[in-house]
Amino acid sequence: MIEVRHALHDAAQQLKDRLEAELLLLHVLGKPRSWVIAHADDVLDEAQLAAFGALVQRRRDGEPVAYITGHRGFWTLNLEVTPATLIPRPETELLVELALARIVATARVADLGTGSGAIALAVARECPTANIVATDASADALAVAERNAARHGIRNVRFAQGDWLAPLAGERFDLIVSNPPYIEADDPHLGQGDLRFEPASALASGADGLDDIRRIVAQARDHLAPGGSLLMEHGWNQGPAVRAVLEAAGYSEVFTEQDLEQRDRVSGGIWPGV
Ligand code: GLN
């Protein structure tokens with residue numbers, strides 16, 4: 001028998017991360033975030049302690065917290081995540097903000113490579129009259145995204161399986177957004193930390209990391225309404241290269257926006273039409 005405060009202190013030291021220790025304990029106990037504050041003196045029984053210890057060990061072996069608990073917060077949504085989906089990152093909320101700034105109530109929006117559905121569902125939550133479609137090559141990822149839509153009662157997103165715009169033949173959009181894979185194939189980070197557990201197809205994209213961005217930029221020209229926007233997340237050092245790809249493909253008003261850490265994160269442009 002051990003008090004919550006001691007169990008948490010011990011786990012936080014092992015993980016060198018207090019928040020992760022709390023998230024794992026709350027998962028074991030099935031409690032919400034606020035629970036810890038008022039329950040530091042509660043006593044854990046042997047079974048709870050053993051279950052908590054097992055999760056702490058999985059984390060020490062490298063497994064991401066979000067895959068252990070099966071969910072991650074993004075925007076205002078608590079989203080189911082599985083190893084079939086990338087774990088949503090806080091910096092991707094910039095893409096949501098930029099998307100919302102560019103759409104009107106009746107906008108047609110496509111989110112390419114939606115994974116857990118994070119971007120599409122956040123936009124849908126803020127703009128419930130927009131007509132949104134989310135694609136993913138992975139049927140397993142799309143199943144997660146569909147469950148996330150259902151869990152949050154979001155009805156204005158439909159889902160289509162396939163690469164980028166392939167399942168959307170003949171459709172045009174006012175806005176296309178994507179957080180595609182953009183890490184360089186030989187980047188050593190792919191072999192470190194949480195990235196080792198995430199789907200490689202959601203992370204890496206050719207020698208310079210831009211293979212999928214080039215595909216999306218090219219394909220989107222046939223799927224944007226005149227004056228429609230394309231917005232894509234990318235790495236901190238890829239802003240100039242992504243802008244060059246957009247400009248060479250004929251997009252106008254090409255720009256890059258920085259995330260909260262003042263790093264280039266999202267680039268985009270407007271498709272002027274034919
Ligand atoms: N931002 C992620 C990372 O560097 C990569 C996600 C992506 O490739 N879209 O960990």
Side-chain angles (χ1 to χ4, degrees), residues 15-20 23 33 64-66 72-79 81 85-103 109 111-123 125-127 175-198 202-217 220 228-249 251-271:
L15 300 176
K16 300 181 181 56
D17 194 308
R18 168 82 189 188
L19 174 62
E20 292 193 353
L23 292 174
R33 276 302 297 283
V65 171
R72 166 59 52 98
F74 179 81
W75 198 255
T76 60
L77 305 168
N78 186 23
L79 297 176
V81 297
T85 70
L86 192 78
I87 299 165
R89 313 281 204 267
E91 57 266 30
T92 302
E93 294 180 351
L94 173 63
L95 195 49
V96 175
E97 284 169 20
L98 295 171
L100 292 172
R102 281 175 181 244
I103 58 174
V109 181
D111 173 25
L112 311 180
T114 197
S116 64
I119 298 166
L121 296 174
V123 172
R125 166 50 44 91
E126 302 303 323
C127 193
L175 174 67
I176 296 176
V177 295
S178 183
N179 174 17
Y182 52 72
I183 299 175
E184 296 169 14
D186 66 356
D187 187 325
H189 290 107
L190 291 168
Q192 297 166 12
D194 287 4
L195 300 194
R196 291 170 296 166
F197 292 81
E198 294 183 290
L203 293 169
S205 187
D208 65 357
L210 299 175
D211 281 5
D212 287 290
I213 285 180
R214 280 187 284 266
R215 281 187 198 107
I216 290 168
V217 166
S229 294
L230 172 63
L231 303 175
M232 294 169 298
E233 180 172 314
H234 54 70
W236 62 274
N237 57 352
Q238 293 172 327
V242 175
R243 290 197 301 277
V245 172
L246 284 160
E247 275 160 3
Y251 290 79
S252 63
E253 297 178 46
V254 170
F255 71 93
T256 298
E257 287 271 345
Q258 298 188 323
D259 61 21
L260 292 173
E261 312 208 312
Q262 269 90 52
R263 285 196 279 230
D264 284 0
R265 181 57 62 191
V266 172
S267 290
I270 292 178
W271 180 241

Can you tell me how far [atom2] of [Y] sits from [atom1] of [X], rounded to the nearest 0.5 angstrom?
{"X": "S205", "Y": "D211", "atom1": "OG", "atom2": "CG", "value": "4.5 Å"}
{"X": "D259", "Y": "E93", "atom1": "CG", "atom2": "CD", "value": "11.5 Å"}
{"X": "N78", "Y": "R33", "atom1": "CG", "atom2": "CZ", "value": "11.0 Å"}
{"X": "F255", "Y": "L231", "atom1": "CZ", "atom2": "CG", "value": "5.0 Å"}
{"X": "M232", "Y": "L95", "atom1": "CE", "atom2": "CG", "value": "10.0 Å"}
{"X": "I103", "Y": "L98", "atom1": "CD1", "atom2": "CG", "value": "11.5 Å"}

Check: [X] side chain, [Y] main-chain N or O, donor-acceptor pair, under 3.5 Å:
{"X": "T85", "Y": "S116", "answer": "no"}
{"X": "T256", "Y": "D264", "answer": "no"}
{"X": "E257", "Y": "L94", "answer": "no"}
{"X": "E247", "Y": "V254", "answer": "no"}

Would you please test F74 and I87 for side-chain contact (heavy atoms from CB on, under 4.5 Å) and show each step?
-> CA-CA 9 Å; F74 179 81; I87 299 165; over 6 Å; no
Among pairs that include at least one residue of residues 228-246, which meet salt bridge (charged side-chain N to carboxylate O under 4.0 Å, His left out), considering only residues two or more places apart or in two chains?
-> E233-R265
Which atom pair, heavy atoms only, marks the closest approach of [X] to [Y]?
{"X": "L210", "Y": "A241", "value": "CD1-CB, 3.6 Å"}
{"X": "V81", "Y": "A66", "value": "CG2-O, 3.4 Å"}
{"X": "L190", "Y": "A204", "value": "CD1-CB, 3.9 Å"}
{"X": "D111", "Y": "S178", "value": "OD1-CA, 4.2 Å"}
{"X": "V242", "Y": "S267", "value": "CG1-CB, 3.7 Å"}
{"X": "A99", "Y": "V123", "value": "CB-CG2, 4.1 Å"}

Say whether E126 and W75, considering side chains only, have a donor N or O and an acceptor N or O under 3.5 Å apart.
-> yes
Could you go through the salt bridge (Lys or Arg N to Asp or Glu O under 4.0 Å) check for E253 and R102 one step at a time?
-> CA-CA 13 Å; E253 297 178 46; R102 281 175 181 244; over 6 Å; no
Would N179 and L86 count as a side-chain contact (heavy atoms from CB on, under 4.5 Å) if you check the C-alpha gap in whole Å, the side-chain angles of each, and the deciding distance to 0.1 Å?
-> CA-CA 10 Å; N179 174 17; L86 192 78; 3.8 Å; yes
Candidate pair I183 and H189, rule side-chain contact (heavy atoms from CB on, under 4.5 Å), full reasoning = CA-CA 9 Å; I183 299 175; H189 290 107; 5.7 Å; no
Set of salt bridge (charged side-chain N to carboxylate O under 4.0 Å, His left out) partners for D17, sequence neighbours left out | none
Residue set satisfying ring pair (Phe, Tyr, Trp, His ring centres under 6.0 Å) with Y251, at least two apart, ordered chain then number -> W271
